[in-house]
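As the structure lists them, so they are numbered: ligands from 1, and atoms in each ligand from 1.
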Amino acid sequence: MYNHNLNDKKWIEYWKSNKTYKFVDEKNNNKKMYILDMFPYPSGSGLHVGHPKGYTFTDVISRYKKMNGYNILHPMGWDAFGLPAEQYALENKKHPSEFTNKNIEKFKNQLISLGYCYDFEKEVNTTDPQFYRWTQWIFVQLYKKGLAEIKDIDVNWCEALGTVLADEEVLTDSKGNKVSERGKHPVIKKPMKQWVLKITKYADKLIDELELTDWPIGLKNIQTNWIGRSFGININLKIENDNRDIKVFTSRSDTIFGVTFIGVSIDHYLVKDLIKSDNNLKNFIDKIASIKEYERNKIENEKNGYFLNKYAIHPFTNKKIPIYVTDYVLSNYGNGAIMGVPAHDERDFLFAKKYKLPIIKVIENENECYCGDGKHINSDFINGLNIAMAIEQVNEKIIAAKIGNKQVNYKLKDWLFSRQRYWGEPFPVLFDDNGNIIIEENLPLTLPNTNNISPSGDGQSPLANLSSWVNVEIGGKKYKRETNTMPQWAGSCWYFLGYILKKDDGTYIPLNSSEAFELFKKWMPVDLYVGGQEHAVLHLLYSRFWYKFLYDIEIVPNKEPFQKIINQGMILRNGEKMSKSKGNVVNPDDIVKDYGADTLRLYELFMGPISASLEWMDDGVFGIYKWVQRVYRLFETKEIIENVNNVELTSKYNEFLKNVTQKIEDYDLNLAISEMMIFINECYKADKLDINQMHNFIKVLSCFAPFVAEEINFSFLKNKESLFFSSWPKYDETKIIKKDLNIPIQINGKIRDILISPNNITEDQVYQLAVKLPKIAQHLEGKTIVKKIYVKDKILNLIVK
Ligand code: ANZ
């Protein structure tokens with residue numbers, strides 16, 4: 001009987017004392033593979049079962065690729081700045097690093113207990129000054145290139161957390177109020193001086209260069225839509241009895257002859273003017289302003305407006321078009337004003353219906369259009385290109401008439417890059433008495449060591465309380481330090497380069513050295529990056545932005561950091577995400593203790609495809625546990641000797657190797673496990689097993705279940721080297737006994753005979769053989785074959801007249 005508790009411990013110690021997983025850069029090997037996991041935030045609660053799903057996946061691929069002769073980089077590290085540590089420190093009057101380091105130790109031990117082949121001497125920790133010195137350095141370069149600046153902007157202010165939050169950290173609750181993602185505290189808008197990174201300068205590259213990657217199409221679309229590039233035109237319309245123009249933004253100038261009203265946002269300049277003399281208008285605006293803009297803009301919500309008693313003049317027909325203030329036109333998109341085309345835009349349609357405005361259809365064959373009774377879908381829609389051409393023509397007319405200019409708009413906003421927190425990278429920035437910025441070039445600028453990290457209360461960072469740190473004198477002149485810190489996203493923007501630079505003594509090769517550049521040429525881009533889809537727009541967008549910038553300043557040699565990405569699905573319980581509050585969390589430590597690390601590893605991969613979100617099943621875990629026992633028992637009970645001449649089993653063995661290799665290559669690891677199970681069943685049917693074949697099976701198994709595999713390899717097969725250093729076994733196609741195929745032959749849908757044919761037969765060969773079968777020939781007599789329908793290796797249907 002296999003004792004996983006003893007065995008897990010034994011092999012962890014073996015791998016550790018033999019430094020089995022020590023990273024070795026094979027200098028003369030030009031086949032490289034950089035396999036990366038999204039590094040975790042080391043939270044207090046330790047590893048979640050969601051983590052091993054991705055980490056086991058990349059562990060298998062790394063071992064497999066290594067066995068196939070690749071030079072492998074497969075590191076792990078810690079995204080360790082962040083709010084929970086700060087809050088813990090506040091509550092316990094301790095330094096956040098204490099909490100952070102404790103959690104890192106816990107995480108590391110858990111990862112080691114799962115048998116992952118990380119070399120922890122390569123680990124990076126974003127809170128290590130040796131690491132964040134380079135985070136600060138990149139910031140300085142961004143600043144020098146004009147991509148970082150201080151702005152007075154309306155920020156999301158959370159009184160309870162005493163901090164400003166990024167849009168992504170703010171949620172809308174069920175009542176439509178803005179609340180903090182963490183703690184669900186109210187969030188309001190407040191103007192403040194903040195660092196902003198101009199990611200919008202890279203918007204085009206961030207969209208266009210996605211083409212260079214092999215990401216899943218869904219992920220590319222999420223990024224593209226988030227950036228939200230829209231090609232359109234600004235059109236200036238004259239206003240009747242007014243010497244001002246009104247400027248609208250449209251991406252559909254081809255619908256201009258269908259305009260039946262103009263809509264403006266509630267803080268448009270026309271409104272600001274009229275509101276002084278029109279009390280009803282004022283009441284209307286007050287009422288609307290109390291509802292959040294993005295709520296009003298939703299299709300399903302009622303559309304409201306107020307006629308401003310003014311008319312614009314249509315630029316081509318000279319007709320009068322009424323101007324309304326509306327609740328759904330956004331104030332900070334485009335020009336805060338639209339041309340309303342009810343027949344072709346759903347919001348405009350809903351608005352026009354309510355205010356009884358005409359609905360004029362001007363584009364034929366559009367996929368959707370609107371008229372009196374609502375939406376019409378045109379199933380023959382093939383018109384995308386025609387619409388694009390029509391837009392181009394109208395745009396040209398508008399430009400020729402000097403009443404407009406082309407405009408590209410983006411939904412992406414510049415990146416708010418400061419936080420009022422202690423536990424983050426300090427900005428290497430000083431201000432003189434006149435507010436001039438002086439860059440601190442002597443890096444790292446370390447966080448002052450203090451246990452007093454209470455928020456300053458006035459919106460500034462806790463660092464503002466530390467006057468001895470804040471006030472600096474250089475050459476007799478007085479300066480103050482920037483007291484904000486960088487957001488948690490900063491370190492994760494470049495950590496994958498940090499692994500490459502990390503040396504055994506814990507220091508880093510300088511990011512801007514030629515040595516670093518040579519290493520980046522060797523290792524970048526990351527070949528496979530695995531992590532959750534929740535990072536589709538934030539981390540993956542921010543890190544691409546930094547990487548592109550580093551490319552532009554010649555620090556890295558290529559444009560995209562992550563060649564291939566796989567998003568792992570979630571592990572659910574009763575159809576829901578596991579969470580502490582629901583009490584449905586499975587703790588990986590418990591599974592390891594009760595069933596062993598191999599069981600957890602195999603189970604999480606066997607659950608289904610890596611990208612699918614799947615239900616956790618205790619029975620499934622037990623089933624895998626029994627299978628691990630079954631594999632061990634096979635070696636315990638069967639005679640395993642050299643040169644067993646079992647043709648049938650040798651065929652199964654080669655078929656197994658062929659299939660399992662293909663499944664791993666396709667990243668279908670659940671199916672690869674099935675192949676192992678099938679082969680083990682075949683082995684049980686035989687009396688004697690071939691030692692060579694079984695050794696090769698164990699090599700395959702070791703990628704998935706390294707503990708039991710090493711044990712079998714040493715104890716039963718009497719080998720003396722870790723399977724980690726094996727070569728991937730090759731199969732022999734000629735040893736696979738090819739079974740004949742049975743292909744039913746139909747005539748006009750009725751089966752008339754069955755063709756017994758060899759494997760690997762082509763469509764034409766099937767046809768040639770089929771028509772010679774006597775029963776088929778008989779049915780074909782005097783008929784003409786008008787169509788052949790062939791499903792490969794399955795069926796041939798002949799349609800005859
Ligand atoms: C006329 C039209 C006809 C439009 C039609 C669309 C369809 P994207 O591509 O997302 O940028 N729009 C412009 N400014 C707006 C604002 N401040 N608030 C709300 N909507 C605004 O969308 C561009 C379209 O969004 C523009 O094209 C405009 O409506 C609307 F069949 O103009 B369109």
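In this structure, Tyr355 has its ring center no closer than 6.0 Å to that of Phe261. Residues Phe562 and Phe496 place their aromatic rings such that the two centres sit under 6.0 Å apart.
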What donor-acceptor contacts under 3.5 angstrom involve side-chain atoms of residues 393-405, with partners at least two apart or in another chain?
{"residue": "Asn395", "atom": "OD1", "partner": "Ser253", "partner atom": "OG", "Å": "2.7"}

Which protein N or O atoms sit under 3.5 Å from any N or O of ligand 1? Give atom names and distances.
{"residue": "ligand 1", "atom": "9 (O)", "partner": "Ser230", "partner atom": "OG", "Å": "3.1"}
{"residue": "ligand 1", "atom": "10 (O)", "partner": "Lys411", "partner atom": "NZ", "Å": "3.0"}
{"residue": "ligand 1", "atom": "11 (O)", "partner": "Ser230", "partner atom": "OG", "Å": "2.7"}
{"residue": "ligand 1", "atom": "11 (O)", "partner": "Tyr333", "partner atom": "OH", "Å": "2.4"}
{"residue": "ligand 1", "atom": "17 (N)", "partner": "Leu330", "partner atom": "O", "Å": "2.9"}
{"residue": "ligand 1", "atom": "17 (N)", "partner": "Tyr333", "partner atom": "O", "Å": "2.8"}
{"residue": "ligand 1", "atom": "18 (N)", "partner": "Leu330", "partner atom": "N", "Å": "2.8"}
{"residue": "ligand 1", "atom": "27 (O)", "partner": "Thr250", "partner atom": "OG1", "Å": "3.3"}
{"residue": "ligand 1", "atom": "27 (O)", "partner": "Ser251", "partner atom": "N", "Å": "3.0"}
{"residue": "ligand 1", "atom": "27 (O)", "partner": "Ser251", "partner atom": "OG", "Å": "3.4"}
{"residue": "ligand 1", "atom": "32 (O)", "partner": "Thr250", "partner atom": "OG1", "Å": "2.7"}

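The shortest non-hydrogen separation linking Thr200 to Lys413 is CG2-C, 3.8 Å.
Remark: the backbone N or O of Arg296 is not paired with any side-chain donor or acceptor of Glu302 at under 3.5 angstrom. Side chain of Gln223 to main chain of Ala536: a donor-acceptor pair is present (N/O by atom type, distance under 3.5 Å, no hydrogens or angles).
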